[in-house]
Participant: 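Got a structure here, written out as structure tokens. Questions coming.
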Amino acid sequence: MTERKTAVVTGGGSGIGRAISLRLAKDGFATAVLDINTESAEQVAKEARELGYEAAAFGGVDVSDRAQVDAAIDRIRETFGPVLVLVNNAGLTGTLGFQKITDELWDRMIAVNLSGPFYLTQAVLPDMISAHWGRIVNISSSSAHSGQQYMVHYVSTKAGLIGFTKSLALEYGPKGITVNTIPPGFVDTPMLRDVEAKGFIGGTIADHAERTPVRRPGKPEDIAAAASFLISEEAGYITGQIIGVNGGRNT
Ligand code: NAP
């Protein structure tokens, strides 16, 4: 990277988003840690600054609310300048038998996991088009490949994010913008611990690690490393791709 660019990471206060925020800050991006949770976003931005990197928290932002998203992106531009990197990572999970999924749960899942990336992407695209350079990485889920019982609403949104990625890549490739998706599989984060605690993964995380080809759960840093590469200058010929980071669980 020759000049400092601004990156936005949604859901940057926890798990995978935290690791991506710290990694992009380390890579030299002015990093906006955007999260619905104010405290955790501030904690991650502080952590990055203490390491000598440039980062700021934009907490209390619900990605499913277009007005909040637009206001946050305006504040990020004022703080750091045009946004040329977007990581749509914020996500809501849920485990419930299909017939118990209410309209409200279904709509909320779509609002956070699919409308969120839609609003964020529309908000930052003008900056990328002006610069004739941009990088968008969408965090989907390996469950969109395999399917996952008791998670029909969640998996449907993550599969939607894959189509979103591929279609955007075709439309914006000519404008210098790449769009890719990383579907993580079994990454040890608060979200996965929560699903484990509710008994919905069939055994423990350790049991699953035994059945994973690389014999360990994923680390948030594994996803951050792949995101860092996709965002790098060298990855300019990679777009519209699904880059699985899952220890070989899905191929
Ligand atoms: P996590 O630890 O729960 O982190 C998600 C972050 O997003 C949290 O800080 C959360 O805040 C925030 N968030 C939730 N709803 C939001 C909203 N409406 N607006 C803004 N921020 C919001 O989860 P994670 O495991 O790191 O997951 C990150 C992404 O990876 C998600 O999209 C998830 O679906 C995907 N993924 C994870 C795995 C895995 O194995 N962990 C596997 C496949 C896909 P609160 O904590 O306050 O809710």
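First listed ligand is number 1; within each ligand, the first listed atom is number 1. In what follows, residues are counted from 1 in the order of the sequence shown.
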Participant: Can you tell which of Asp35, Ile16, Asn89 gets a heavy atom nearest to atom 29 (C) of ligand 1?
Facilitator: Asn89
Participant: Go through ligand 1 atom by atom and flag the ones less than 4.0 Å from a non-hydrogen atom of Gly11.
Facilitator: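 Those atoms are 6 (C), 7 (O), 12 (C).
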Participant: Within a distance under 4.0 Å of any heavy atom of Asp62, pick out the atoms of ligand 1 and give their elements.
Facilitator: 17 (C), 18 (N), 19 (N)
Participant: If you have a sec, work out which protein heavy atom is nearest atom 43 (C) of ligand 1 and how many Å separate them, to one decimal?
Facilitator: Pro184 O, 3.2 Å
Participant: To which of Ile205, Leu120, Ile36 does the heavy atom nearest atom 21 (N) of ligand 1 belong?
Facilitator: Ile36
Participant: Any atom of ligand 1 sitting under 4.0 Å from a heavy atom of Ser140?
Facilitator: yes
Participant: Of the choices Val61, Val112, Val9, which has the non-hydrogen atom that lies closest to atom 20 (C) of ligand 1?
Facilitator: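 Nearest heavy atom to atom 20 (C) of ligand 1 lies in Val61.
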Participant: Nearest protein heavy atom to atom 23 (O) of ligand 1: under 4.0 Å?
Facilitator: yes
Participant: Which ligand 1 atoms does Gly15 reach within 4.0 Å, using its non-hydrogen atoms?
Facilitator: 2 (O), 26 (O)
Participant: Distance under 6.0 Å and angle within 45° of the ring axis: does Arg23 meet both against Tyr53?
Facilitator: no
Participant: Can you pull out the closest protein heavy atom to atom 3 (O) of ligand 1? Residue, atom name and distance to 0.1 Å, please.
Facilitator: Met191 CB, 3.6 Å
Participant: I'd like to check which ligand 1 atoms, numbered from 1 as shown, lie under 4.0 Å from a non-hydrogen atom of Lys158.
Facilitator: 31 (C), 32 (O), 33 (C), 34 (O)
Participant: Heavy-atom contacts with Tyr154 under 4.0 Å: which atoms of ligand 1 show up? List them by number with element.
Facilitator: 33 (C), 34 (O), 35 (C), 36 (N), 43 (C), 44 (C)
Participant: Between Glu104 and Arg108, does any side-chain N to carboxylate O distance fall below 4.0 Å?
Facilitator: no
Participant: Should you measure from each heavy atom of Ser141, which atoms of ligand 1 turn up under 4.0 Å away?
Facilitator: 43 (C), 44 (C)
